[in-house]
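Values reported hereafter were calculated over all heavy atoms of this structure, with side chains retained and with hydrogens, waters and symmetry mates removed. Just so it is clear: chains get the letters A, B, ... in the order the sequence lines come, proteins before strands, and each one is counted from 1.
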There are 2 protein chains.
Amino acid sequence: MTALPLEKAGEARGELTRQRILDAAQKLFSEHGSNGVSLRAITAEAGANSAAANYHFGSKMGLLEAVFARHATGIADERETLLQDCRAEPGRPPLLEQIVRAFLEPGMRGQHGGNGFARFRGRMLAENTEQTRELYARYFNDSTGQFLDALQDALPDLSSHDLHWRFHIMLGTMVYTLANPGRIQILSNGDCDPSDPGQALDTLVPMIAQLFRNPTMSPARTSETLHDINSIQAK
Amino acid sequence: MTALPLEKAGEARGELTRQRILDAAQKLFSEHGSNGVSLRAITAEAGANSAAANYHFGSKMGLLEAVFARHATGIADERETLLQDCRAEPGRPPLLEQIVRAFLEPGMRGQHGGNGFARFRGRMLAENTEQTRELYARYFNDSTGQFLDALQDALPDLSSHDLHWRFHIMLGTMVYTLANPGRIQILSNGDCDPSDPGQALDTLVPMIAQLFRNPTMSPARTSETLHDINSIQAK
DNA sequence: AAGATATTCAATCAAGCGTTTGATTGAGTC
DNA sequence: GACTCAATCAAACGCTTGATTGAATATCTT
């Protein structure tokens with residue numbers, strides 16, 4: 001990064017190490033989890049003094065929140081923009097594929113903080129502590145609610161219960177994909193690569209859209225009835 | 001736990017604290033992750049001396065492996081047994097619902113180590129470190145491979161690529177469900193409860209079976225073609 | 001009963017942790 | 001050129017960590 005000429009030179013000095021610490025923290029947190037990395041390791045990676053993290057962010061938790069906040073709003077905003085685009089289409093009902101992609105793409109492609117931030121998010125979602133849950137709720141509950149509403153509009157026949165469970169599947173898949181390397185990468189001998197956002201999105205979006213579109217299947221079936229199901233593709 | 005009369009009384013003493021330490025470790029690891037808990041906290045929870053964990057398991061990592069190993073083989077074994085049951089059905093092709101349930105149920109129901117071990121597994125899968133990945137590979141790669149084969153047999157028209165990706169979705173959903181509390185529990189105002197194994201299985205098994213059954217959807221579609229898809233339920 | 005073995009215990013170790021401190025730097029202001 | 005103030009630095013703080021020790025105690029074997 002070259003210094004911006006319009007920026008006061010004084011601001012630049014502190015801001016630079018601030019960003020370097022955020023970058024290092026994002027990288028190391030995403031690789032080893034928030035409890036698996038010390039502030040010393042982070043500041044060393046950033047080439048800063050060991051007290052710099054506390055100076056700029058108050059505490060380790062403050063640093064974690066700062067890493068999260070840096071790109072989270074950008075993702076939530078882009079999600080909402082893309083969702084608006086879905087609704088702006090001609091006069092037809094919005095497309096499931098488009099909605100699903102609008103939800104997944106901003107967080108999985110590299111625009112907001114690169115793949116490093118995607119992995120960081122996956123790790124934080126996976127850690128699932130009180131703090132990370134609170135962070136997610138604060139930054140994403142609004143946009144997530146909008147997507148649930150949009151999906152319910154597009155699928156009026158689907159029960160709220162099933163809608164939420166299918167959304168749960170989408171979330172779990174997203175988290176598991178972000179926190180690569182996943183197990184299929186090994187099990188498929190490298191054919192499937194969840195760390196490649198393009199492949200992941202192109203493959204997952206149609207599958208998950210179709211998942212939402214599937215008719216509700218009654219859970220309790222006798223073995224005899226089940227035999228007939230294999231040939232049924234839908235409804 | 002009352003002492004078993006058939007058991008030598010001498011074995012019981014050490015074995016008892018051993019089990020209490022395993023229980024405490026499973027609980028605390030599942031709640032705070034492997035790096036979020038100290039051996040002192042674990043031995044205190046177990047009502048044992050702080051040196052007991054190192055005495056019985058050598059190291060913290062040894063304890064983690066022991067917690068994992070205690071029930072992992074039981075799950076893998078039950079999975080394979082249930083998979084055999086699928087193949088033993090009359091002369092028809094095996095049922096997807098049955099295969100999916102055979103994969104999910106042993107790990108999600110409480111038989112093997114209770115819900116505590118399920119959450120522990122979810123947390124370990126989520127942590128996704130070199131050690132936990134190695135543990136999973138060691139204990140589950142075989143049975144997982146068998147399920148991939150069985151699914152491929154049941155779905156001969158599905159490409160290996162798509163099969164693995166859908167399996168990835170199932171794995172991600174399982175992990176995300178095990179590592180509750182999930183986000184839909186809040187977003188659905190408590191209607192969806194991933195921590196209830198019965199509800200989770202009854203809801204997820206049909207959805208995921210249908211997911212596997214869905215026809216392959218081409219990823220690249222123009223907006224115009226996409227409009228027609230919403231009404232298509234399948235093939 | 002006596003000796004061998006397995007287990008528990010309090011105490012201790014070096015290392016690392018997050019955080020705080022007081023001094024120092026260097027650019028901007030008057 | 002004196003003053004201000006955000007930023008950096010080396011050093012240390014008190015505390016927790018995983019691990020080890022050697023003595024004490026319980027249990028099993030003979």
Side-chain angles (χ1 to χ4, degrees), chain A residues 1-25 28-29 31-67 127 129-132, chain B residues 1-26 28-29 31-68 127 129-132:
Chain A
M1 290 288 171
T2 59
L4 299 177
L6 296 178
E7 208 176 348
K8 284 185 181 177
E11 288 182 18
R13 197 164 69 107
E15 186 57 24
L16 209 99
T17 60
R18 219 187 100 99
Q19 291 296 330
R20 270 187 292 121
I21 291 175
L22 284 173
D23 289 340
L28 294 181
F29 278 151
E31 287 171 358
H32 308 104
S34 58
N35 280 323
V37 181
S38 67
L39 284 180
R40 284 172 162 83
I42 293 172
T43 49
E45 168 91 15
N49 186 271
S50 58
N54 282 290
Y55 173 78
H56 283 283
F57 304 99
S59 67
K60 191 181 185 180
M61 186 60 203
L63 172 58
L64 190 90
E65 289 201 26
V67 174
E127 286 201 353
T129 65
E130 182 59 46
Q131 298 114 23
T132 60
Chain B
M1 292 287 172
T2 59
L4 297 178
L6 295 178
E7 208 175 348
K8 284 185 184 175
E11 288 181 15
R13 196 166 69 108
E15 187 58 23
L16 208 100
T17 60
R18 218 187 102 98
Q19 290 297 329
R20 270 187 291 123
I21 291 175
L22 284 172
D23 289 340
Q26 178 175 292
L28 295 181
F29 279 152
E31 287 171 359
H32 309 104
S34 60
N35 280 324
V37 181
S38 67
L39 284 179
R40 282 171 165 83
I42 291 172
T43 50
E45 168 91 14
N49 187 272
S50 57
N54 281 292
Y55 173 75
H56 284 283
F57 304 99
S59 68
K60 191 181 185 180
M61 186 60 202
L63 172 57
L64 189 91
E65 289 201 28
V67 173
F68 193 91
E127 285 201 354
T129 64
E130 182 58 46
Q131 298 115 22
T132 62

*C/dG18 P sits how many Å from A/Ile42 CD1, rounded?*
8 Å
*Under the salt bridge (Lys or Arg N to Asp or Glu O under 4.0 Å) test, residues paired with B/Arg18 that sit two or more places apart*: B/Glu15
_I want to check something: taking the side chain as every heavy atom from C-beta on, are A/Asn49 and A/Tyr55 in contact at a cut-off of under 4.5 Å?_
no
*Whole angstrom is fine here: how far is it from NE2 in B/His56 over to P in C/dC9?*
10 Å
_Value in whole Å for how far the P atom of C/dT8 lies from CG of B/Leu16_ = 9 Å
_Check whether A/Gln131 reaches the backbone of A/Met61 with its side chain - one donor and one acceptor, N or O, closer than 3.5 Å._
no
Distances for protein N or O near nucleotides 18-20 of chain D N or O, under 3.5 Å:
residue : atom : partner : partner atom : Å
D/dG18  : OP1  : B/Lys60 : NZ           : 2.7
D/dG18  : OP2  : B/Leu39 : N            : 2.8
D/dG18  : N7   : B/Arg40 : NH1          : 2.7
D/dG18  : O6   : B/Arg40 : NH1          : 3.4
D/dG18  : O6   : B/Arg40 : NH2          : 3.0
D/dA19  : OP2  : B/Asn54 : OD1          : 3.1
D/dA19  : OP2  : B/Lys60 : N            : 2.8

*Check the distance between D/dT17's P and B/His32's NE2 and give it to me in whole angstrom.*
13 Å
_Does any part of the side chain of B/Thr17, heavy atoms only, come nearer than 4.5 Å to the side chain of B/His56, both counted from C-beta?_
yes
*Tell me: CD of A/Glu15 to P of C/dA27, nearest whole Å?*
18 Å
_Restricting to non-hydrogen atoms, name the atom on A/Leu39 and the atom on A/Lys60 that form the minimum distance, rounded to 0.1 Å._
CD2-CG, 3.9 Å
*Can you tell if the side chain of B/Leu63 reaches within under 4.5 Å of the side chain of B/Leu22, non-hydrogen atoms only?*
yes
*Can you tell me how far C1' of C/dG16 sits from CG of A/Asn35, to the nearest Å?*
14 Å
